[in-house]
Trainee: 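Below is a structure I'd like to ask you about.
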Amino acid sequence: MDINTTKSYTKYYIIAWVFGLVFYFLDYVIRSAPAVMIPELSHSFSVSEIRLVTIIGTYYYTYSTCSLIAGIALDRFGAKYSLFAGALILGIGCLLFMASSQFSGVTGRLFQGAGCAFAFPGCVYLASKGFSAKSLATAIGFTQCLGMLGGSAGQFVVGPLIEKGIDISAFWLYIGIFTIIVAFGLWLITPENKAEQKTVPEQKKQGLLSPYKVVFSNPQSWLCGIVSGLLFAPTTIFAMTWAVDFFQKDRALDFHTATISSAMVAFGWVFGCPLLGYITDKIKKRKPVLIFGAAMMILSLVQLLYFPSLLPVKISMFLLGVASGAAMIPYSIIKEANPDNVKGSATGAINFITFGVTTLLSPLFSHLFGKTLSSNLDKTLHFQQAGLFWIIGISIAILVSFMLKETGEGKSELVTAKE
């Protein structure tokens, strides 16, 4: 392949990456939007709010498992087919939410999780093809920021629309059709790199699951996933699913204030992810920044729960979001703790473990605190106990972090981590 052809491919990969960014933005909009329409969806599917939250949580069943499939698909078939399939499945999942039945709700949410699993790995894949090594980290950081903006928009923008009376079926119709259009845009724009196809026979010799055998046999990979999962959970389960309901019923906030306050966590991520990532690169250490971010998450929750008059709820949630950017640091550690030839699979593996943790914690939190949300219990005490659940989880993440090997000062210590 000559230089001019390579440059042409690079240009198309960058354009495809832009379409991928839209896909990733929609991923987080769709992930967080149900939190601001719980009563409406509950009525549409003819289920209780507790059952609805269980339906919403099924997203993480397919998201975690399909993260592994996404890694294999990208390595084996390239971005063109993998991202098209992911975005198309996501669009179909949105359209299924239009039907007024519990079955369509569960099926739609499972489809949404499966489709979204391809978004972030796909964007990283496209960025690695379209950008030079010195600008790749910036491109990946921008990708993560845009995803968090999507999570914020899923509540900042969709919440007021619901408040103004927009029909939820219309919302899922429009976003479903738009996602399918993006899927076909990815299909048309993303180049089919012939160089990738030449590696298929070699991949077959190695075995489809060989990279995952390497990653999962490394204890550091599991520790990274557990830490990331415990730090992600307060945002994915509490902020993006339960917070609006908790703020309305336990803190007596109006819907608008509850929605904006909840969305501030994802908005905080926009600043926290690149900021904490920059600090880790600057000091050339991962663990101190990871532990510091987790500790700041605890402090922000303690203030929100026990000293609510010190700061407005919106600021407390924003600070929680900024600090929870530490959840992305294990994504760097797992790549550095594994051999170079399995770094792509390492991303799929940590997504699987991270959101596997979320899948386990979501029904537990719903059982312990969600089902008592509308009870006659002391509202302040109920809110504090629910928040303490997340403080305990973050504290466990800090303890597990001490078991991680430091990878920020070079790879000399960890080349032998997995042989």
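None of these values were measured; they are calculated from a predicted model.
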Trainee: Tell me every residue that passes side chain to side chain donor-acceptor pair (under 3.5 Å) with Tyr61, counting only those two or more places apart in sequence or in another chain.
Mentor: none

Trainee: Any non-hydrogen side-chain atom of Ile350 less than 4.5 Å from a side-chain atom of Pro330?
Mentor: yes

Trainee: Could you please spell out the steps behind the ring-ring contact (aromatic ring centres under 6.0 Å, His included) verdict for Phe352 and Tyr212?
Mentor: CA-CA 11 Å; Phe352 171 75; Tyr212 285 121; 8.6 Å; no

Trainee: Hey, what do you get for CG (Leu304) to OG (Ser316), rounding to the nearest 0.5 Å?
Mentor: 5.0 Å

Trainee: Measuring from atom CD1 of Ile181 to atom CG of Leu186, what distance do you get when rounded to the nearest 0.5 angstrom?
Mentor: 12.5 Å

Trainee: Which is it for Ser152 and Trp269 under the side-chain hydrogen bond (donor to acceptor under 3.5 Å, both in side chains) test, yes or no, and what are the steps along the way?
Mentor: CA-CA 9 Å; Ser152 185; Trp269 262 75; over 6 Å; no

Trainee: Tell me if a side-chain donor or acceptor on Lys249 pairs with a main-chain N or O of Leu373 at a distance below 3.5 Å.
Mentor: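 No: the side chain of Lys249 does not pair with the backbone of Leu373.
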
Trainee: Taking Ala117's backbone N and O only, do any of them form a donor-acceptor pair with Ser67's side chain (distance below 3.5 Å, no angle check)?
Mentor: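 Pair absent, no side-chain N/O of Ser67 close to backbone of Ala117.
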
Trainee: Where does the angle between the aromatic ring planes of Phe238 and Phe247 fall among parallel (under 30°), tilted (30 to 60°) and perpendicular (over 60°)?
Mentor: perpendicular

Trainee: In the structure I gave you, are the side-chain heavy atoms of Cys94 and Ile175 within less than 4.5 Å of one another anywhere?
Mentor: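 Result yes, sub-4.5 Å side-chain heavy-atom pair found.
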
Trainee: Measuring only between side-chain heavy atoms, which start at C-beta, is Leu360 closer than 4.5 Å to Leu364?
Mentor: no

Trainee: For atom CZ of Phe184, decide whether the heavy atoms of other residues, nucleotides or ligands shown that lie under 6.0 angstrom number more than 12.
Mentor: no

Trainee: Rounded to the nearest 0.5 Å, what separation is found between the CE atom of Met317 and the OG1 atom of Thr235?
Mentor: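 Between atom CE of Met317 and atom OG1 of Thr235 there are 9.5 Å.
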
Trainee: How about Thr407 and Ile334: do any of their side-chain heavy atoms sit closer than 4.5 Å?
Mentor: no

Trainee: What are the two closest heavy atoms between Leu305 and Gln384, and how far apart are they?
Mentor: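 Scanning both residues, the minimum pair turns out to be O-NE2, 3.2 Å.
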
Trainee: Within the structure provided, determine whether Thr280 and Ser332 are in side-chain contact (heavy-atom separation under 4.5 Å).
Mentor: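 With C-beta onward as the side chain, the pair stays apart.
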
Trainee: Would you confirm whether the ring centroid of Phe23 sits within less than 6.0 angstrom of the ring centroid of Phe19?
Mentor: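 Not under 6.0 Å, so no.
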
Trainee: Using the rule given for side chain to side chain contact (heavy atoms under 4.5 Å, CB included), can you reason through Tyr331 versus Thr354, listing the C-alpha separation, both sets of side-chain angles and the distance that settles it, and then say yes or no?
Mentor: CA-CA 10 Å; Tyr331 278 70; Thr354 295; 4.0 Å; yes

Trainee: Does any non-hydrogen side-chain atom of Tyr28 lie less than 4.5 Å from one of Leu149?
Mentor: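 No, their side chains stay 4.5 Å or more apart.
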
Trainee: Once rounded to the nearest 0.5 Å, what's the spacing between atom CG of Leu253 and atom CD1 of Ile260?
Mentor: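 Those atoms lie 12.0 Å apart.
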
Trainee: Could you check whether Arg109 and Thr58, counting side-chain N and O atoms only, form a donor-acceptor pair closer than 3.5 Å?
Mentor: no

Trainee: Would you say Glu406's side chain and Lys287's backbone share a donor-acceptor pair under 3.5 angstrom?
Mentor: yes

Trainee: If every non-hydrogen atom of Ile168 is compared with every non-hydrogen atom of Ser44, which pair is closest and at what distance?
Mentor: CD1-CB, 4.1 Å

Trainee: Which atom pair, heavy atoms only, marks the closest approach of Ala386 to Phe365?
Mentor: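 Residues Ala386 and Phe365, closest heavy atoms: O-CE1, 3.7 Å.
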
Trainee: For Ser401 and Ile291, indicate whether the former's side chain and the latter's backbone hold a donor-acceptor pair under 3.5 Å.
Mentor: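 No; zero donor-acceptor contacts below 3.5 Å.
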
Trainee: How far apart are the C-alpha atoms of Trp242 and Ile237, what are their side-chain angles, what is the distance that settles it, and do they pass the side chain to side chain contact (heavy atoms under 4.5 Å, CB included) test?
Mentor: CA-CA 7 Å; Trp242 279 107; Ile237 300 174; 4.1 Å; yes

Trainee: Which distance, rounded to the nearest 0.5 Å, do you find between the CZ of Phe171 and the CD1 of Ile166?
Mentor: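 Spacing of CZ (Phe171) from CD1 (Ile166) equals 8.0 Å.
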
Trainee: Give a yes or no answer on whether the side chain of Ser228 reaches the backbone of Cys224 with a donor-acceptor pair at less than 3.5 Å.
Mentor: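 Not a single qualifying donor-acceptor pair exists.
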
Trainee: Can the ring centres of Trp222 and Phe216 be said to be less than 6.0 Å apart?
Mentor: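 Yes.
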
Trainee: Can you list the steps and then say if Ile180 with Leu90 is a side chain to side chain contact (heavy atoms under 4.5 Å, CB included)?
Mentor: CA-CA 8 Å; Ile180 292 172; Leu90 176 58; over 6 Å; no

Trainee: Kindly state whether the ring of Tyr81 and the ring of Phe77 have centres lying under 6.0 angstrom apart.
Mentor: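 No - the distance between ring centres of Tyr81 and Phe77 does not fall below the 6.0 Å cut-off.
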
Trainee: In terms of ring plane angle, is the pair Phe355 and Phe232 parallel, tilted or perpendicular, where the classes change at 30° and 60°?
Mentor: tilted

Trainee: Is the terminal nitrogen or CZ of Arg31 (NZ for Lys, CZ for Arg) located under 6.0 angstrom from the six-membered ring centre of Tyr60 and within 45° of that ring's axis?
Mentor: no

Trainee: To the nearest 0.5 Å, what is the distance between CD1 (Ile298) and CG (Leu320)?
Mentor: 11.0 Å

Trainee: Can you confirm whether the side chains of Asp254 and Thr257 place a donor and an acceptor under 3.5 Å from each other?
Mentor: yes

Trainee: Which atom pair, heavy atoms only, marks the closest approach of Leu83 to Gly122?
Mentor: CD2-CA, 3.7 Å

Trainee: Indicate the atoms forming the closest heavy-atom contact of Gln220 with Leu404, along with that distance.
Mentor: OE1-CA, 3.4 Å

Trainee: Kindly indicate whether a cation-pi arrangement holds for Arg251 with Phe383, taking the cut-offs as under 6.0 Å to the six-membered ring centre and within 45° of the axis.
Mentor: yes

Trainee: If you count every heavy atom of other residues, nucleotides or ligands that lies below 6.0 Å from Phe267 atom CZ, does the total exceed 12?
Mentor: no

Trainee: So does Met297 get a backbone contact from the side chain of Ser300, meaning a donor-acceptor N/O pair under 3.5 Å?
Mentor: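 Checking the backbone N and O of Met297 against the side chain of Ser300, a donor-acceptor pair under 3.5 Å is found.
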
Trainee: Would you confirm whether Gln112, through its side chain, and Gly93, through its main-chain N or O, come within 3.5 Å as a donor-acceptor pair?
Mentor: yes

Trainee: Which heavy atom in Gly115 sits nearest to a heavy atom in Ile89, and how many Å separate them?
Mentor: N-CG2, 3.9 Å

Trainee: Return yes if a side-chain donor-acceptor contact under 3.5 Å exists between Glu49 and Ser42, otherwise no.
Mentor: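 No.
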
Trainee: Any side-chain heavy atom of Val157 within less than 4.5 Å of one from Val29?
Mentor: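 In short, these two side chains do not touch, never coming nearer than 4.5 Å.
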
Trainee: Could you please spell out the steps behind the side chain to side chain contact (heavy atoms under 4.5 Å, CB included) verdict for Phe318 and Lys314?
Mentor: CA-CA 6 Å; Phe318 175 76; Lys314 297 174 187 176; over 6 Å; no

Trainee: Under 3.5 Å, is there a donor-acceptor pair between the side chain of Thr107 and the main chain of Ser104?
Mentor: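 Side chain of Thr107 to backbone of Ser104: no pair is present.
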
Trainee: Taking atom types as modelled, find out whether Ser262 and Gln155 have a side-chain donor-acceptor pair closer than 3.5 angstrom.
Mentor: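 Checked: Ser262/Gln155 side chains pair up, N/O donor to acceptor below 3.5 Å.
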
Trainee: I'd like to check Thr241 versus Pro34 (side-chain heavy atoms, cut-off strictly below 4.5 Å). Are they in contact?
Mentor: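 Contact flag for Thr241/Pro34 side chains = no.
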
Trainee: Side chain of Thr190, backbone of Lys80: donor and acceptor closer than 3.5 Å?
Mentor: no

Trainee: Hey, does the side chain of Thr179 reach the backbone of Gly91 with a donor-acceptor pair shorter than 3.5 angstrom?
Mentor: no

Trainee: Do we see a donor-acceptor contact under 3.5 Å between the side chains of Asn338 and Ser221?
Mentor: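 There is such a pair between these side chains.
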
Trainee: Is the number of heavy atoms from other residues, nucleotides or ligands under 6.0 Å of Phe369 CZ greater than 12?
Mentor: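 Yes, the 6.0 Å shell around CZ holds more than 12 heavy atoms from other groups.
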
